[in-house]
Each structure stands twice: as structure tokens, then as C-alpha cells.
Protein chains: 2
Amino acid sequence: MFAGMKNYPTGSDRPPRARLFLTADVVLLTIEDDALKVVLVERTRRPDLGSLALPGGFIWHAEMAEDAARRVLAVKAGVEGDVYMEQLYTFTEPERDSRGHIISVAYVAVVRRHDLSFADGPQTETPALYPVTKLPKLSFDHGRILKYGLKRIRDKFVYTNIAYALLPERFTLSQLQRVYEIVLGRDLDKRNFRKKYLSLGMIRPVQEVLSGGRHRPAQMFEFVSRKAVALTEPVL
Amino acid sequence: MFAGMKNYPTGSDRPPRARLFLTADVVLLTIEDDALKVVLVERTRRPDLGSLALPGGFIWHAEMAEDAARRVLAVKAGVEGDVYMEQLYTFTEPERDSRGHIISVAYVAVVRRHDLSFADGPQTETPALYPVTKLPKLSFDHGRILKYGLKRIRDKFVYTNIAYALLPERFTLSQLQRVYEIVLGRDLDKRNFRKKYLSLGMIRPVQEVLSGGRHRPAQMFEFVSRKAVALTEPVL
DNA sequence: AAAATAGTGTCTATAAGACATTATGTC
DNA sequence: GACATAATGTCTTATAGACACTATTTT
């Protein structure tokens, strides 16, 4: 296997294969109060006790990383059921965690604020939402992971339908546009946005209007598919 | 599901954290005889002895996955020095390797054919090049990894300058176009390709022409940067 | 009728893609 | 001068982006 190699650092005739611990760490994003926010937990153990980190957990025997990530979502943020989640990157630097050489398989997940339930559940760590625009310093290399996750999600918004993950089943075009503006962090032109988005064929009108306040009610729409779909053409 | 879990499967009060082996597996691509090819090695051990697999190796103690991948490139394909390589995905299914629960951190690398040296070097496994258009069945889940790596590289060609990894320092526009055609698997219009590529400002003409056969010599170009650069605008 | 958001169309500029001929070397 | 590849420009169509007013409902 490592053929031809005569001497390994250990002096043994076999390479010093590492048996490593793996964690699944999740960049869990949502929208609250018209702002994109990320779930962070306060560490209850050393090292870095009391400082903020991404929710994460060790991968168990016979478990795949994605299942561990879903377990983390359930246990630390009360998120159950269908959630948009994708693998982000695997961080393997031996020094990234001061406890030892621990690999992090990082995920990004996007949920509606409503699907987070911090209050109930047995967690001792206290999760909370932080706006991505002004972030505190995070433990380990979690700042880097978060930054990377944010970039990934912003890219995905342009090339996929994942806005569905932040919207109820039925929504208005104004709500959809607002989601894009919050995630991308810039204002969009209403007419151009509607023209473009409708031309993509990812949403369709439903027989329902939203009669909000003292103004004209809005046509509601639904996503044709609530599974992640990649576009050939960007939204913006 | 996992919320409120009082007893772990082992009955212990601590979760059954797994200590796992990790491998770095590399989708190593090159161009040979006007075809995109991938390096595969014949397995010299069980399981799947004699069948084809991606070059890979276990991650060692205090080593990061990327270093392991570079070691694999060096040992199994004689590739040294600066190589375009990026992390692809991490495969963690417990059943993916029949030897046990082994994680694969997969990488894609792109090199010039000239930089591969199979002959010399101490490997007992015999690496060889296979056209990506007609691939044999691979061991484990390597077929899936390869397919994913190919997709990644094709996407990257459209949005970055990584064509540099398949070209000598100086090259003609026809050579560049040919690289794109081989990687993407379709013919491109010469005039449109030149117009577009030159407008991106990623290459510049040098004071040299290539006088090949009995025809007009071609202007040579070089990449402004031979580091991976992401574009805001696609090449094609 | 005032307030508030919904809903709509045009114009301009830029880019993509289809397409054919001339230029300049070597042999 | 025959051959082979290099090099080049125009037209059409589609898309992106700037931009302002009318429509409909509630109170």
C-alpha cells in the first residue's frame, strides 16, 4: 500500500496510520427580524469554556457524518425533519483543535426560524442566534468555517431554489425578494427580480392571496419542488 | 429522535465516539492523446485485489488530509511540486469500504501528462491512465467519487483559470481551446472562444510565436497568474 | 381619501452565439 | 503554389439592469 517506502517515521514496517476522532460541525443559518443569523452555542467544557462555537458533536461508531450533523441539529437546536443541509468542507489541520487532532466535517444548514426550538430539549449548552454581520470571535477555527459556509449559501441562492428553505409553503413575491435581499445583503430591483424569478419556472402561483394590512393583497406562490434544484442560469 | 436521549447504545453515560481511519483518495486527471484521462491503480491487496481504484492512502498521525493527498500523488504517480489540487468531498458511509468504517477525504488534482512518472519510483501498484469516456468498474465507491470529481473540474474550467494546470507556461490560443474542448467534451467556436477568453484578461501575449508545421505560426500566450483564480463571469 | 404595498413595461447596453474569409507561414 | 493552421468581424438575438407609475385593498 505504501509500497516502496522503506522506513516509516515510527521505525515500524507499517505506516503510522492515524485513528482519529471526527466531529460534525454545522453552520446553521436562519432569518430572524429581517436579518441573517447563525446559531452559536456557548461552550460548557474546556477548552475555551464560555466562548462561542458552532454547534457540533462527535461522530459515533457506524454513523455517517451527515447523520451526526442531523443529530447535532436535533439535540442542539431542536431541529427535526426535513432540513436543507449540505456538506461544506472537511478541516483536517492537526492543530485546529487544542484537544488534539480532531477532524471536522462541516455542514451548512438553512431553516426557518420557526423550526428552531432552543427552549425545550435537554441541551445544557445554550444556543442563540447571532447576526452574521457582526459576529463575535469563535472558538477553534469556527470563524473560518462560518465564513466559508456563508459564502457557500450566498452562491447557492444565486444558482438554486434553496430559498424554499427559508419560506413557508406559500409566500408572496415580496417575501421571496426580501429573503434574497437579506441573504445576499443588498437591495434588489422589484421589477427585475420578479421578471427574472418567474421566468425560471421554479415557482407557480396558487389560488390564494395574502391580505395583510391596509393595502392591496398579494398573490401567493409555491415552489414547484421543495428539493434542492440546481439552475443552469443564475437568479441574479 | 435524538433529543432527550438518556442512554447511549453502549449503555455508557458517554457517547460512543468513533476513532476512525481516514484515507485521502485522489481523482488525478490529465490529458493524453487528446483525451481526458484519470489515473487508476490496480489493487495489490484484499479486498478487491486486482481491480481498479483511485490512488489513495491512509492519513498519518499529525498529518492533514491534503498532505496525505500530496504524498499519494508523489508516491503513486511520481507527481512532485506545484500541482493544482482541491478538496472534493468527504465520504463517510460506514459501508463504503468493506474493510470497515473508513472515511475518504477525496481530492481532485490536475496535472500535465509530462509531470506524471509511472515508470520510475518505488510503487508496486501499477498506475495507468484511463480515458474518462469509457471507464471500467472501480472498487468501493470510487466510481462515484470519480464521477463527482469530473463534474467539479468541468465546472471549474468554466469559472476559473485552471486550464493553466494542463498547459505549458507558453501556449497558443488553439492549444488552450483544445484543452477546453477535451475537458468539456464538446467543440467550441474558434472566434467566439478567442473573443471571450481574451476579454477575461487572464492571459497575455508573449514575444514569441510557435512555428509548427507548414502553416502560419501562432502567437503564444501566458497566464497572468498560475494560481487558481475565480471569475465572476463564466468563460463559456 | 389617505395610506400602504402589489403589480406592471420599456428602453438601453451588453453579451452570446451563429457564421466565412483572409493571412502567413512551411514545404 | 499548395497546404495547413492562424487570425479576424458582423449580425442577430437574448439578457441584465435602470427606471416610475397605476392598481387595489383597508381603515
Taken to the nearest whole Å, CG/L210(A) to C1'/dG7(C) is 15 Å
Footprint ends on DNA chain D, 5' to 3', for atoms under 4.0 angstrom from a heavy atom of chain A, come out as dA16(D) to dT26(D)
In whole angstroms, the gap separating P of dT24(C) from CZ of R216(B) amounts to 5 Å
In whole angstroms, the gap separating P of dT5(C) from CD of Q177(A) amounts to 13 Å
Quiz item: Does the pair D141(B)/K147(B) count as a salt bridge with the N-to-O cut at 4.0 Å?
Solution: no
Per the under-4.0 Å heavy-atom filter, residues of residues 183-191 of chain A near DNA chain D come out as D189(A), R191(A)
Check your understanding: Would one find more than 12 heavy atoms of other residues, nucleotides or ligands at under 6.0 Å from atom CD of E208(A)?
Key -> yes
From CE of M220(A) across to C1' of dT5(C) the rounded distance in Å is 14 Å
Here the distance between atom P of dT14(C) and atom CD of E233(B), to the nearest Å, is 13 Å
Would you say dA6(C) has OP1 or OP2 under 4.0 Å from some side-chain N or O of S174(A)? yes
Electrostatic pair D67(B)-R71(B), nearest N-O below 4.0 angstrom
no
Requested in this report: Over 60° means perpendicular and under 30° means parallel, so classify the ring planes of F91(B) and Y148(B), tilted if in between.
Outcome: perpendicular
The reported gap from OG in S174(A) to CD in Q219(A) (rounded to nearest 0.5 angstrom) is 12.0 Å
Next on the checklist: Taking the six-membered ring for Trp, are Y180(A) and Y197(A) closer than 6.0 Å centroid to centroid?
Outcome noted: yes
Measure from NZ or CZ of R113(B) to the centre of the six-membered ring of F118(B) and say whether it is under 6.0 Å with the direction within 45° of the ring axis.
yes
Here the gap from H142(B) atom NE2 to L40(B) atom CG, rounded to the nearest 0.5 Å, amounts to 10.0 Å
Taking atom CD of E181(B) as the centre, does the number of heavy atoms from other residues, nucleotides or ligands within less than 6.0 Å exceed 12? yes
Here the residues of residues 193-208 of chain B within 4.0 Å heavy-atom distance, strictly under, of DNA chain D are R194(B), K195(B)
Atom CG of N192(A) and atom P of dG7(C) are separated, to the nearest Å, by 16 Å
Taken to the nearest 0.5 Å, the spacing of Y164(B) OH from I162(B) CD1 works out to 7.5 Å
So, D97(B) side chain and I103(B) main chain: donor-acceptor pair closer than 3.5 Å or not?
no
